[in-house]
Structures are given as structure tokens and as C-alpha cells.
Protein chains: 2
Amino acid sequence: MADNKKVTIRELAKRAGVSEATVSRALNDSPRVKPATKHKIQQLAKTLGYRPNLLARSMRTNQSKTIGVIISNIANPFFTAVVRAIEDEAATLNYRTIVINTDENPGTERQAIEMLQGYMVSRFIIASTRRGVDYHLLLGRTPAIFIDRLPNNNGDYDTLLVNNADGAKQVVNALIAQGATRIGVISSSVSTAGQERLAGYRMALQENRIAVDENIIKCSDVQMRRVRRYTSNLLINQACDGLFTADNEIFLAAMAEITARNLTGLKLGTFDNAPWFDFLALPVTAVQQPTVEMGTRAVQRLVARINGSDKLDEPELIRLSVKLVKRN
Amino acid sequence: MADNKKVTIRELAKRAGVSEATVSRALNDSPRVKPATKHKIQQLAKTLGYRPNLLARSMRTNQSKTIGVIISNIANPFFTAVVRAIEDEAATLNYRTIVINTDENPGTERQAIEMLQGYMVSRFIIASTRRGVDYHLLLGRTPAIFIDRLPNNNGDYDTLLVNNADGAKQVVNALIAQGATRIGVISSSVSTAGQERLAGYRMALQENRIAVDENIIKCSDVQMRRVRRYTSNLLINQACDGLFTADNEIFLAAMAEITARNLTGLKLGTFDNAPWFDFLALPVTAVQQPTVEMGTRAVQRLVARINGSDKLDEPELIRLSVKLVKRN
DNA sequence: ATGAAAGCGCTAACAT
DNA sequence: ATGTTAGCGCTTTCAT
């Protein structure tokens with residue numbers, strides 16, 4: 001029965017008539033304790049409802065089997081998908097995860113990392129906010145792996161990105177194949193991913209010997225209102241018959257404008273596939289990001305780094321490939 | 001400069017030529033230390049890059065200003081919206097939050113709560129998984145507030161729900177006003193919310209003197225395939241001209257079926273409004289849940305309970321009202 | 001205004 | 001196979 005007072009190792013030791021050390025060993029399933037004793041103690045712990053004080057344990061061992069996951073926008077389906085994969089893989093490898101959302105705010109990001117370090121969390125998976133955070137200062141040699149975005153101090157940490165340029169190139173190529181002749185683009189200046197996707201757009205045009213017109217390239221902060229303005233500018237003033245948006249947030253804003261103005265006959269392409277694209281009147285060709293692979297590999301690599309199981313002296317930059325979902 | 005070795009209070013004390021106690025007081029901005037000394041110590045801490053060991057502090061004080069947030073599905077936009085509101089309000093009130101996702105798994109939920117308790121987290125906001133978790137045993141008198149779903153041991157904890165029945169009634173009334181004469185419903189048996197929404201559906205029909213036909217009422221686990229089967233059954237075999245889905249997941253699956261079969265002329269209603277409903281050919285009338293209010297009030301109430309600032313002896317069940325977004 | 005000392009619960013040498 | 005002991009970094013009486 002659960003007594004009111006909290007059960008500690010000392011308490012168990014007293015009741016079992018053994019030392020605290022033996023209890024600790026029994027609870028940690030050490031081979032250095034007699035099976036009978038071990039069993040007895042474990043039983044007792046269960047009956048008394050013993051809960052280890054993880055604080056004390058971490059403090060003593062100077063580590064907590066916990067991975068800090070720092071993401072920049074919890075409302076973005078891309079990130080939640082990655083987070084779920086991270087959680088799954090971490091659980092498999094017997095790690096805990098703590099997720100903190102920074103809302104693209106570098107200050108919050110710094111605080112979050114410092115806070116977790118205060119809790120002895122010493123492995124991180126980070127989707128960096130804007131450039132401007134000095135991870136050297138913050139992390140030192142703490143194992144960390146960056147996802148989705150190239151961090152400020154790249155080259156010093158493992159980084160896991162998708163092949164943004166290639167994905168963008170594929171989408172734009174598909175739009176061209178569908179007959180689009182003048183394709184506008186709206187990208188994000190917030191992350192490195194946005195710039196790479198823009199580069200991919202240019203590559204596709206060049207491959208198809210289409211002149212790049214800087215007037216139909218828009219790249220800035222993702223702000224609903226601004227994206228809507230860009231959209232009408234591109235599709236009406238600039239007479240584009242195709243539009244490539246660099247992520248799901250931009251796509252949403254652009255679609256709002258397209259719907260409001262009742263524009264039709266367009267070829268749309270975007271990063272971040274979503275199930276509801278199937279329901280739209282306009283066909284959307286979309287890049288499906290490998291969220292599960294990204295989350296899974298991030299955890300695996302982090303854990304490998306810790307155990308030093310494979311010799312990974314040099315931090316690596318890994319590119320995952322993307323999949324194209326065509327609709328027309 | 002950031003030395004390699006970690007800076008502790010002892011280190012600061014040595015360097016400042018004062019006792020550890022004084023350093024601790026200075027760092028905590030206690031009035032019991034001379035302003036000059038305080039300032040000097042705080043400066044030193046900054047220069048040396050001192051980071052408090054939160055583990056040690058929590059262990060000593062037996063509390064951590066951290067709220068554990070247990071949600072059942074991080075991929076559900078409803079929950080992520082609530083989480084963001086929780087984070088915002090918590091930050092304002094100077095609390096930390098730790099979010100853990102249980103994926104509707106009661107085992108994971110139990111583990112998560114125990115784990116956090118091990119870290120001295122002693123206030124929780126919980127979106128319960130299926131009934132079957134005994135919160136008395138798990139939480140005891142630990143302050144906790146339940147959101148979205150009525151927990152097993154209701155009456156013992158504060159609970160914050162939306163007015164599910166009323167929301168459902170409003171949607172169904174709207175569908176009837178739009179001319180639907182035979183409205184099927186698909187709800188979820190996973191949570192208490194699903195049952196309440198079903199009750200609201202029945203109320204609306206009764207108010208409008210429409211006979212309730214049990215053949216067009218479907219309620220079960222939310223499984224993509226099953227929902228799709230229900231959908232075609234209702235809309236084709238049962239010849240419904242309207243459909244009410246009880247949450248965003250069900251709606252997504254139903255829309256997949258509707259799109260695949262190219263069904264038209266339907267009146268659709270659902271819980272959980274989404275921006276992209278504006279882009280659909282079929283008009284969707286949707287209940288907008290008060291996610292911000294729910295998150296904000298959950299935190300406020302939890303903190304009030306802790307401080308005992310207002311006398312809230314009895315746990316309360318609070319219902320938040322919803323908003324209807326009509327489209328036709 | 002400051003210091004000395006105890007102790008939170010746990011684990012890991014180092015005994016026995 | 002088990003016990004003794006020290007100590008992680010911090011806060012907090014109780015002295016001075």
C-alpha cells in the first residue's frame with residue numbers, strides 16, 4: 001500500500017535488514033548480490049511503492065539517460081512528425097526525451113538548453129532557430145546533433161539535413177513537366193533550408209533552359225500577410241502559371257490568397273506533403289520529407305557518439321533524400 | 001571566459017573570498033546580503049559562466065518550478081495549440097514546462113508521470129489516455145489538472161473541458177439549417193469527449209424533431225480504415241446527405257473516403273476547425289475549440305492551487321464554451 | 001551581514 | 001555477498 005511518507009532506499013534497507021548499498025545494488029539488478037536477497041528487496045520495493053529519486057541518482061552519476069529535444073515550432077507538422085520518431089527510437093534504446101519548443105526564439109532556445117543542462121541532460125537534438133546562437137559557448141563538447149537546419153557553428157556538430165536543393169529541383173521539374181511556363185517561388189529566409197530550396201529552384205530552371213526572373217522570386221520572413229501579398233503579386237501582376245512554396249506554412253498562406261481570389265488553372269508545388277492536399281481542387285505536387293528516418297537516425301547517431309561504439313571522430317553532415325508526391 | 005571545468009557555488013565562494021552561504025544568498029537575490037557584495041558575486045558568476053545545478057537545488061528544496069504536461073497525441077493540432085498556450089502562460093508566471101507525449105498509451109502515461117515525479121516535478125497538466133489509469137494511486141494529492149477528457153477519478157482533480165455536447169449540437173443544428181435531412185455521425189470511443197459529442201448530436205436531432213436512427217450512428221476507435229468504411233456506409237448505403245465527425249482525425253479519414261469516391265452535395269460538420277477547411281470544395285461547418293483559453297486557464301489554476309492564493313478547496317469541473325465557424 | 005555545518009537520496013570506491 | 005563511508009551541489013537553520 002502506498003504510505004503517505006515517501007519511500008527511500010534507507011527505508012527499504014531498514015525494513016529488509018540490509019545496508020543501503022545492497023538495496024541499491026538489488027534495485028539496479030547488479031550481479032553482486034545474492035539472488036534470494038535481490039528478489040526479496042525488489043518485492044519489498046514494489047509493495048512499498050518505492051520510486052527512485054531520479055534527481056539524486058543523476059546527481060550522483062552525473063548523467064541522466066535523457067535526450068533534450070529542442071524544436072523551433074511545435075505547431076509545425078514536420079517537427080511533430082520528427083519528434084514522434086525521436087521518441088520512439090529513444091524509448092527503444094531506453095532513453096527518455098524531453099521536448100522543448102522555442103517558437104523560433106533564440107533567447108528561448110538558449111534558456112531551454114541551459115535549463116536542461118542544469119538537469120544534467122547532456123545530449124541534445126536541436127532544430128536551430130535563426131543563426132545567431134553560438135553553440136560553442138552554449139554546448140562546448142556536449143554531444144549534440146542538429147536537424148533540419150545548418151547551425152551557426154557547423155562542422156563542429158553532427159548535422160542531419162534533407163536534400164533540400166534536390167527536393168526543390170524535383171518539384172519544379174515536375175511543375176514544368178505539367179506544363180507550367182512561368183513559375184514563381186516564395187521561400188523563407190528564416191532557415192538555411194529555405195535558401196537551399198531556393199537554390200534548387202534555380203537549378204531546375206537552368207536545367208530546363210528557362211531564364212531566371214528575379215521579379216518572381218520572393219524570399220523573406222514567413223508572415224501570413226506578406227506571403228499573401230507575394231502570392232497575388234506573382235499570380236496576378238506577374239502572370240505566373242505555377243507557384244513553388246518552400247514549406248507548409250508558406251503554402252498555407254498562399255492557398256488562402258489563391259482561394260480568396262478564386263484563382264484557377266495553376267500548377268502548385270511545395271515542400272511538406274500533407275494528407276489534405278488530396279482534397280484540393282488544384283493539384284499540388286509536394287516533397288515528402290523523411291521525418292521518421294530523420295528522427296530515428298538522429299537518436300541512433302547521438303547514442304553511438306556517447307558509447308563511442310563506432311569511431312566517429314569527425315562530426316558529419318548527412319543528407320537524407322526526399323520523395324516526390326505528384327498530383328495532377 | 002568559459003573555463004572547461006564546471007563552476008559551482010564552492011568555486012565562486014573561493015574566488016570571492018566569502019562563504020558558500022553568502023554566494024547562494026547573493027545568487028538568489030536575498031536581502032540578507034550587502035548590496036555591494038551581492039553585486040560583486042553576481043558579476044563574478046556571470047564572468048565565470050556559472051550555471052546553477054538545478055538537480056541539486058530541486059533536491060534540496062524538494063520542488064522544481066516545473067509543470068509536467070502529459071498529452072496523448074503530439075501530432076494532433078488541437079493538443080499542440082493547447083501546449084503552446086500552456087508554455088506561454090507558464091513562462092509568464094515563471095514556470096518551466098516539460099511536455100511528454102503518450103500516444104494514447106496508458107503504460108507510457110504512467111511511466112511519464114512516475115519519471116517526472118522522480119525529477120521532483122509535482123504539478124501536472126494531463127490529457128488522460130483511455131480510462132484505466134488510477135490517478136489516485138499515481139498522483140495522490142499532487143496538484144494536477146486534467147484537460148480535454150474526464151479522467152477516471154473525476155471529482156478529485158480540477159478538470160477543464162470544453163462544452164462538447166453544446167458544440168456538437170450547434171454544428172448539427174447548422175447542418176440542419178443548411179438543409180441536411182439525414183445526418184450521419186462518426187464519433188470516437190477513445191475519450192469521454194467523443195461520447196459527449198455524440199450526446200450533443202442526439203440533442204440537436206430531438207430539438208428539431210428528427211427521429212434518431214441508430215444505423216447512422218458510428219462510434220468506435222479512431223482507425224483510418226474503419227472510419228473510411230463507416231463513411232461510405234453512411235453516405236452511400238444509408239444515403240445520408242450530411243455528416244458530422246467528432247474530431248479532426250475522424251474528419252481527415254472521412255474526407256479521404258469522400259474524395260476517393262468523389263461524393264458531392266454533402267453538408268459536412270466537424271469538431272476542430274482548421275485553416276485549410278477554407279480551401280475545400282465542400283463547405284465544412286466546424287467547431288473551433290478554445291485552445292488558448294484552455295491552456296492559459298489550466299496553468300493559472302494550477303499555480304493558484306499551489307499558492308493557495310484563492311481558496312479552492314473543492315476540485316472543480318469547468319466547461320469552456322466553443323465557437324462555431326460556418327461555411328456554405 | 002556573514003559563516004559553519006548539516007543533509008536531501010543516491011551510488012561507487014573501498015573494506016570485510 | 002554485503003557493509004561502511006564519502007560526497008555530488010545546493011539551501012537553510014543556527015550561530016556569530
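In what follows, every heavy atom counts, from backbone to side chain, and hydrogens, waters and symmetry copies are set aside. A, B, ... follow the sequence lines: proteins, then strands. Residue 1 opens every chain. Values in this document were obtained by computation on a predicted structure and should not be read as measured data.
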- Message: Measuring to OP1 and OP2 of D:dT11, would you say a side-chain N or O of B:Asn28 lies under 4.0 angstrom away?
- Response: yes
- In whole angstroms, how far is the C1' atom of C:dC10 from the CD atom of A:Glu11? 15 Å
- Item | Separation of atom CD1 in A:Ile41 from atom P in C:dC10, rounded to whole Å | 13 Å
- Query: For the side chain of A:Lys34, counting heavy atoms from C-beta on, which of D:dT11, C:dT2, D:dA1 is nearest?
  - Reply: D:dA1
- In whole angstrom, give the distance that lies between atom NE2 of A:His39 and atom C1' of D:dA1. 18 Å
- Message: What I want to check is whether an N or O donor and acceptor connect the side chain of A:Arg25 with the base of D:dG3 at under 3.5 Å.
- Response: yes
- Message: Output the rounded distance in Å from CG (A:Leu27) to P (C:dC10).
- Response: 9 Å
- Message: So does B:Ile67 get a backbone contact from the side chain of B:Arg123, meaning a donor-acceptor N/O pair under 3.5 Å?
- Response: no
- Item | Polar contact flag, side-chain donor to acceptor under 3.5 angstrom, A:Ser128-A:Tyr135 | yes
- B:Glu87: which of A:Asn101, A:Thr102, A:Thr108 passes side-chain hydrogen bond (donor to acceptor under 3.5 Å, both in side chains): A:Asn101
- Item | D:dC10 phosphate, OP1 or OP2, under 4.0 Å from B:Tyr50 side-chain N/O | yes
- A:Lys14 NZ - D:dG3 P separation (whole Å): 15 Å
- Message: It should be established whether A:Thr61 places a side-chain nitrogen or oxygen under 4.0 Å from OP1 or OP2 of nucleotide C:dT11.
- Response: no
- Between P of C:dC10 and CG of A:Leu54, the distance in whole Å: 10 Å
- Per atom distances to the B:Ile9 side chain, the nearest of D:dT11, C:dG3, D:dT2 is D:dT11
- Message: Can you identify which nucleotide, out of D:dG3, C:dA4, C:dC8, has its nearest atom closest to the A:Val18 side chain?
- Response: D:dG3
- Message: When you measure from the side-chain N and O atoms of B:Arg57 to the phosphate of D:dT11, is any distance below 4.0 Å, counting only OP1 and OP2?
- Response: yes
- Message: So, does B:Thr22 get its side chain near the phosphate of C:dG3, meaning an N or O under 4.0 Å from OP1 or OP2?
- Response: yes
- Between D:dG9, C:dC10, C:dT11, which nucleotide gets closest to the side-chain atoms of B:Thr8? D:dG9
- Query: When all nucleic acid strands are considered with a 4.0 Å heavy-atom cut-off, which category describes A:Thr37: base, sugar-phosphate, or nothing?
  - Reply: sugar-phosphate
- Position toward the 5' end of DNA chain C (nearest nucleotide), B:Asn62 or B:Gly17: B:Gly17
- Task: State, without any angle test, whether A:Asn73 and A:Glu104 hold a side-chain donor-acceptor pair at a distance under 3.5 Å.
- Result: no
- Task: State plainly whether the residues B:Arg301 and B:Glu316 are in salt-bridge range, i.e. N to O under 4.0 Å.
- Result: yes
- Query: To the nearest angstrom, how far is A:Met120 atom CE from D:dG9 atom P?
  - Reply: 8 Å
- Task: Measure from CZ on B:Arg32 to C1' on D:dC14 and round the result to the nearest Å.
- Result: 10 Å
- Message: A side-chain contact here means heavy atoms from C-beta on lying under 4.5 Å apart; do A:Leu12 and A:Val7 qualify?
- Response: yes
- Message: Quick check: any donor-acceptor pair below 3.5 Å linking the side-chain of B:Arg51 to the base of D:dG9?
- Response: no
